[in-house]
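A short write-up of the structure that comes next.
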Amino acid sequence: MKNKTEKTVMRGELALLMVVVLNSLGVLLMLHSGSGISAISSVPYAFQKVMPRLTLGTWTYIFQGLLVCTLMLMRKKFVPTYLFSFVVGFVFGELMDLHELWITRLPVNLPLCVLYFVLSYLILCFGIALSNRCKLPIVPTDLFPREVSDITKVPYSRIKIGFDVTCLTVTALLTFFGLGRIEGLGIGTVAAAFTMGKGIALMGKLLDRKFVFVSVLSPERP
């Protein structure tokens, strides 16, 4: 269905489902490429390496829970929709464990690793841009920079880059002091951290040209 400006109306619920599937896939595909894990999952990855009794998915939603609590402290109030975001984050973590079962079996060589990285980068840029527009509570790692941008009035791309760089710094420190070496960070991780904010903004502009989003929480078209 299209409106007068020829934009396709997309349900936010469908968009959120796509986001959870795509972003969990993108994170693990980037890790499998050998270029390093994505910044948004680097901290849970570091904890999983240092304390391997819990899976990457479990550490992911623990980390996401901390992000949700931090946002409530910044808002200085209880925000019920943030709790649903944590539920979405739990599903995200479980899907990461599910994707890991088949992604780790993909063949690995230099051309394929480059392909995996490019695909994962594009998937994550698209998925995060989509999550920012679905008009529903989203995965906390995506929600956090969006909400901090809203609270501080600093442009999203700057907050996103700052958040990613902070995650990489924490990961480097955790693995260095916990394992005696830095793990999970590669050239792809660093490149993505410093450029993905802009990539998400570009993907967002493309989505805004073609789609308008509605959901149960925002049934009216913009």
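Since the model is a prediction, treat every value here as computed from it, not as a measurement.
Side chain to side chain, D142 and N132 fail the donor-acceptor criterion of an N or O pair below 3.5 Å. Between the side chains of T169 and T166, not a single donor N or O lies within less than 3.5 Å of an accepting N or O. For Y45 and T175, the side-chain atoms include no donor-acceptor pair closer than 3.5 Å.
Within the 6.0 Å centre-distance limit, the rings of F144 and F163 are counted as a close aromatic pair.
A chain of hydrophobic side-chain contacts below 4.5 Å, direct or via other Ile, Leu, Val, Met, Phe, Trp or Tyr residues, connects L14 to V91. The cluster map of Ile, Leu, Val, Met, Phe, Trp and Tyr, joined by side-chain heavy atoms under 4.5 Å apart, puts I161 and L122 in different clusters. V68 and L66 fall into different hydrophobic clusters, defined by Ile, Leu, Val, Met, Phe, Trp and Tyr side-chain heavy atoms under 4.5 Å apart, directly or through other members. L67 and L73 are not part of a single hydrophobic cluster, where members link through side-chain heavy atoms under 4.5 Å apart. Grouping the Ile, Leu, Val, Met, Phe, Trp and Tyr side chains by contacts below 4.5 angstrom, directly or via other members, places V190 apart from M30.
With hydrogens and angles ignored, the 3.5 Å screen pairs no side-chain donor or acceptor of S35 with any backbone N or O of I187. No donor-acceptor distance shorter than 3.5 angstrom exists from the side chain of R158 to the backbone of V154, with no hydrogens or angles considered. When atom types are taken as modelled, the side chain of E100 and the backbone of L28 share no donor-acceptor pair closer than 3.5 angstrom. Remark: side-chain polar atoms of T189 are paired, donor with acceptor, to backbone N or O of I37 under 3.5 angstrom. Not one N or O on the side chain of T58 forms a donor-acceptor pair closer than 3.5 Å with the backbone of L54.
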Problem - L29 and L119: CA distance, side-chain angles, deciding distance, side chain to side chain contact (heavy atoms under 4.5 Å, CB included) verdict - result: CA-CA 8 Å; L29 195 59; L119 285 176; 4.0 Å; yes
Exercise for the section: Decide yes or no on side chain to side chain contact (heavy atoms under 4.5 Å, CB included) for Y82 and E147, but give the supporting numbers first. Expected result: CA-CA 10 Å; Y82 286 174; E147 291 297 291; 2.6 Å; yes
Problem - Steps toward side chain to side chain contact (heavy atoms under 4.5 Å, CB included) verdict (V88, V19) - result: CA-CA 10 Å; V88 176; V19 166; over 6 Å; no
Handout entry: Check against side chain to side chain contact (heavy atoms under 4.5 Å, CB included), M51 and W59
Key = CA-CA 10 Å; M51 291 174 278; W59 278 117; 3.9 Å; yes
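In plain terms, the two heavy atoms of D97 and T55 that are nearest each other are OD2-OG1, 3.1 Å. Minimum interatomic distance between N23 and G127 (heavy atoms only, all atoms of both residues): OD1-CA, 3.2 Å. Across all non-hydrogen atoms, the minimal contact from L185 to S42 is CD2-CB, 4.4 Å. What you find for I151 and M74 is that their closest heavy atoms are CD1-CB, 3.9 Å. Of all heavy-atom pairs between P155 and S149, the closest is C-OG, 3.8 Å. Nearest heavy atom pair, residue P145 against residue I159, reads O-CG2, 3.4 Å.
Expressed to the nearest 0.5 Å, how far OH of Y156 lies from CZ of R146 amounts to 9.0 Å. For the atom pair CD1 of I138 and OG1 of T81, the computed distance is 10.5 Å after rounding to the nearest 0.5 Å.
Y116 and H32 have tilted rings, their planes meeting at an angle from 30° to 60° on a 0 to 90° scale. Taking the six-membered ring for Trp and thresholds of 30 and 60 degrees, Y121 and F117 have ring planes inclined between 30 and 60 degrees apart.
Other residues, nucleotides and ligands place more than 12 heavy atoms under 6.0 Å from the CG atom of L202. Other residues, nucleotides and ligands contribute over 12 non-hydrogen atoms within 6.0 Å of the CZ atom of R75.
Contact check on K7 versus D208 returns no salt bridge, with no Lys/Arg side-chain nitrogen under 4.0 Å from an Asp/Glu carboxylate oxygen.
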